[in-house]
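Lettering follows sequence order; numbering is per chain, from 1.
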Amino acid sequence: MTVEPNAAAPGAAPAPSDFIRDIVAQHVAEKRYPKIVTRFPPEPNGYLHLGHAKAICINFGIARENGGTCNLRMDDTNPAKEEIEYVDAIIDDVKWLISGWADHQLGFKRKGAAPAAQTVDGKADYYLAAVPAEAGEPNLEPFFASHYFDQLHDYAVELIKRGRAYVCDLSPKDTDEYRGAPDRPGKDSPFRHRTVAENLDLFARMRAGEYLDAARSLRAKIDMASPNMWLRDPLLYRIRHTAHHQTGDKWCIYPLYDYAHCLSDYLEGVSHSLCSLEFTDHRPLYDWILEALGLARPLPHQYEFSKLRPTYVLVSKRRLIQLVNEHAVDGWDDPRMPTLRGLRRRGVPASAVRRFAIGAGVTKFISTTDLAVFEHAIREELNPVAQRRLAVLRPIKLVLTNLPAGEKFECTATNDPQSETPTTRPIQLTREIFIESDDFAEVPPPKYFRLKPGGEVRLKYACIIKCDEVVKDAAGHVTELRCTADLTTRAGGPNVDRKVKGTIHWVSATESIPAEVRLYDRLFLVPEPGLDDNFLQHINPHSLETVTARLEPSLASATSEQRFQFERLGYFSLDSKDASPGRLVFNRTISLKDTWAKAPGKP
RNA sequence: UGCCCGAUGGUGUAAUGGUAGCACAAACGACUCUGACUCGUUUUGUCUAGGUUCGAGUCCUAGUCGGGCAGCCA
């Protein structure tokens, strides 16, 4: 198939091809649908995470490649579990993830709009078209399954009239028993053969609130002996005397997922309903309901793909809640969380999440993707755009004994070495500076080419220095290094081209500013923490280390939108929550690759 | 002892009956005022057994292994 190049992300991988896209391409060629419409249907009962990112990228990606729309729909058919608080967070996270990539595809609807009655080829029909969220109309909102409760009810009545659904009085327990087991057929409910009139009456009374919760249910009349459990007269409606966050107390009967989902897709004109593998067994039911109704427009179809499961990460709503509740992390937006909010706060660009989610591919094979692939994607996105700065995380004082106190030697540092037209900024070299404590070793391991007693190293953007003396305290800890600067090796100096093996970063002791820097690492020590019910014991005790660092002064005016590379250390950005004008707090998004850290022979 | 889905290097993914490729990871090397980036080289793969075919990762049969399904959750 041919796909449009990814215009919004130059240099990114070409639009992918996979078994679902092949099907869509075929349908486009056949003109099976007037338009390609997909949907992303989260249940508003939790925050979106890395696993959802894949579903978002597939659904929006396919809409994007085919000039279609992807509707954001709240799958809110269970008032007991869902809360309005999550709706806004979901909208915000989706917009963030697709920003600059598929903004045009985001389908919303007018506030309060419900499917409208229309006639198609002489048949009565309901339809609710998307309005592009980008159109700038003020009163737009996402789709809600709950906004279709009237139409869904009408369709249920129609199923009863067609003899395809009946009201069942079996208790939940008896319903389970009658259902049988995977290797054992079920048996018909004693209420299966009620007349249409009786079913209509009972269903109306269910709706009118005459019965207690779970006293009766509406069931599809399919086949209690089907080898597919979902075809054994599945429930369509249950009685729940519970208020709903969208419809208030208008309803005391609520549709179940299988009934609501396929019809919601249909009402919105969805062409391809893409979901994860565990719904494969539901597909025959999805098709059965739509076919039983004799609908007017082309029917949507469901296709399933395997979820994204990164290593070293939990992608289970229940377990993420546990992390938050047991204070293993500091809330849903903790930068160590795989939630979109957490990733965003950590400084991960949406483009990196997309690169990862899209790169994982679309298959039906249950796989785990190495977290290193994600980390690589983050570095790939950040490297070309991050402004370079100098910062020292764990400072150790270094005195350049041949430089006069109080004097500043201006050096020129490059902001964006990856740019074709790099820009620069001045930084000041002074008699007293800080270097990274890792960059000095009194007893250096083999192949150590940082600073050591009697050794030479280049101060990045400045000059070569030689270590003359190591000053220690009574306990034997190094407190200060005394070195000589060779100013002839500065830029413009006669010996600027002199080579030494090592180059290290530094900041002026007098010009630099202090800042809190949070060094984040993987939350778990084992690749598949979810395998263990007692997963909390695998938490990485060093997943967060907070240090007081020294930064070059230009960082004082940083904003949380900016991305920085602290040279030789990693990518950092201002914490959007805890930083304030008087307080600098930086998060490490991801470290630079460090081949030296794992060099053999290194202690 | 039911039905459904799947299986390609360490990991993920491509090859649509015709040279098993790409990415990540790993190892080595070049370059380097970031032990980064970039570049080069290398290691490692079609679950098993039959069959169809000039030719099979691909098609067929059987098996093995893994996953899903018995919520009035989604």
Using whole Å, report how far [atom1] of [X] lies from [atom2] of [N].
X: A:His505; N: B:rG35; atom1: NE2; atom2: C1'; answer: 13 Å
X: A:Asp281; N: B:rG6; atom1: CG; atom2: C1'; answer: 13 Å
X: A:Arg318; N: B:rG71; atom1: CZ; atom2: P; answer: 17 Å
X: A:Phe365; N: B:rC47; atom1: CZ; atom2: C1'; answer: 11 Å
X: A:Phe449; N: B:rU32; atom1: CZ; atom2: C1'; answer: 10 Å
X: A:Lys501; N: B:rU32; atom1: NZ; atom2: P; answer: 9 Å
X: A:Asn383; N: B:rU34; atom1: CG; atom2: C1'; answer: 10 Å
X: A:Ile366; N: B:rU13; atom1: CD1; atom2: P; answer: 11 Å

Determine the interatomic distance between [atom1] on [N] and the same-named atom on [M]; round to the nearest Å.
N: B:rG10; M: B:rG17; atom1: C1'; answer: 30 Å
N: B:rG12; M: B:rU46; atom1: P; answer: 15 Å
N: B:rG67; M: B:rU11; atom1: P; answer: 16 Å
N: B:rU58; M: B:rC47; atom1: C1'; answer: 15 Å
N: B:rA23; M: B:rU42; atom1: P; answer: 13 Å
N: B:rA27; M: B:rU43; atom1: P; answer: 16 Å
N: B:rU53; M: B:rU61; atom1: C1'; answer: 16 Å
N: B:rC5; M: B:rC60; atom1: P; answer: 13 Å

Mate of [N] where both pairing distances stay under 3.5 Å, Watson-Crick or G-U:
N: B:rC28; value: B:rG40
N: B:rG45; value: none
N: B:rU64; value: B:rA7
N: B:rC72; value: none
N: B:rU34; value: none
N: B:rC22; value: B:rG12
N: B:rG17; value: none

Compare side-chain N and O positions of [X] against OP1 and OP2 of [N] and report whether any pair is under 4.0 Å apart.
X: A:Ser367; N: B:rU13; answer: yes
X: A:Arg309; N: B:rG67; answer: no
X: A:Lys499; N: B:rC33; answer: yes
X: A:Arg568; N: B:rG35; answer: yes
X: A:Arg232; N: B:rC3; answer: no
X: A:His376; N: B:rC24; answer: yes
X: A:Thr595; N: B:rA36; answer: yes
X: A:Thr363; N: B:rU13; answer: yes
X: A:Arg238; N: B:rC73; answer: yes
X: A:Arg179; N: B:rG71; answer: yes

### Query
Using 30° and 60° as the class limits, which term best fits the ring planes of A:Tyr47 and A:Tyr86: parallel, tilted or perpendicular?
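Rings of A:Tyr47 and A:Tyr86: perpendicular, over 60°.
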Do you know the tightest heavy-atom contact between [X] and [Y]?
X: A:Pro41; Y: A:Asp75; result: O-CB, 3.6 Å
X: A:Asp416; Y: A:Pro422; result: OD1-CA, 3.2 Å
X: A:Arg450; Y: A:Arg568; result: NH1-NH1, 4.2 Å
X: A:Val270; Y: A:Thr38; result: CG2-O, 4.3 Å

Taking the side chain of [X] as heavy atoms from C-beta outward, which of [options] is closest to it?
X: A:Asp183; options: B:rC33, B:rA74, B:rU1; result: B:rU1
X: A:Asp18; options: B:rA14, B:rC37, B:rC72; result: B:rA14
X: A:Pro417; options: B:rC73, B:rG35, B:rU34; result: B:rU34
X: A:Lys593; options: B:rU38, B:rG35, B:rA36; result: B:rA36
X: A:Pro227; options: B:rA74, B:rC5, B:rG2; result: B:rG2
X: A:Asp370; options: B:rU11, B:rC33, B:rC3; result: B:rU11
X: A:Ala181; options: B:rC73, B:rU34, B:rA70; result: B:rA70
X: A:Lys364; options: B:rG68, B:rC5, B:rC33; result: B:rC5

### Message
Quick check on RNA chain B: between A:Thr368 and A:Gln418, whose nearest nucleotide comes earlier from the 5' end?
### Response
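Looking at the nearest nucleotide for each, A:Thr368 comes out on the 5' side.
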### Query
Toward the 5' end of RNA chain B, which comes first, A:Ala491 or A:Arg379, by nearest nucleotide?
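Its nearest nucleotide lies further toward 5', so the answer is A:Arg379.
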### Task
Could you give me the CA-CA distance, side-chain angles and deciding distance for A:Lys173 and A:Asp176, then say whether salt bridge (Lys or Arg N to Asp or Glu O under 4.0 Å) is met?
CA-CA 5 Å; A:Lys173 188 168 165 287; A:Asp176 283 351; over 6 Å; no
### Query
Looking at B:rG2, does its base get a donor-acceptor pair with the side chain of A:Arg184 below 3.5 Å?
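By the distance-only test, no, there is no pair.
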Have a look at [X] and say if it touches a base, only the backbone sugar-phosphate, or nothing, with a 4.0 Å heavy-atom cut-off.
X: A:Leu256; result: sugar-phosphate
X: A:Phe279; result: base
X: A:Gln565; result: base
X: A:Leu170; result: base
X: A:Tyr178; result: nothing

### Query
Charged N to carboxylate O under 4.0 angstrom, A:Arg194 versus A:Asp169?
yes
### Task
May I ask you to say whether A:Lys81 pairs ionically with A:Glu43, meaning some side-chain N is under 4.0 Å from a carboxylate O?
no
### Query
Is the closest side-chain donor-acceptor distance between A:Arg388 and A:His505 under 3.5 Å?
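No, because no side-chain N or O of A:Arg388 sits under 3.5 Å from a partner of the opposite role on A:His505.
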#### Entry: Under 3.5 Å side-chain donor-acceptor pair for A:Asp233 and A:Tyr178
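No - no donor-acceptor pair under 3.5 Å links their side chains.
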### Query
Would you say A:Trp596 stacks on B:rG35, if stacking means ring centres under 5.5 Å apart and planes within less than 30 degrees?
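Stacking is present between B:rG35 and A:Trp596, given that their ring centres fall under 5.5 Å apart and the planes under 30°.
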### Query
Looking at the angle O4'-C1'-N9-C4 for a purine or O4'-C1'-N1-C2 for a pyrimidine, is B:rG50 syn or anti, with syn meaning within 90° of 0?
anti
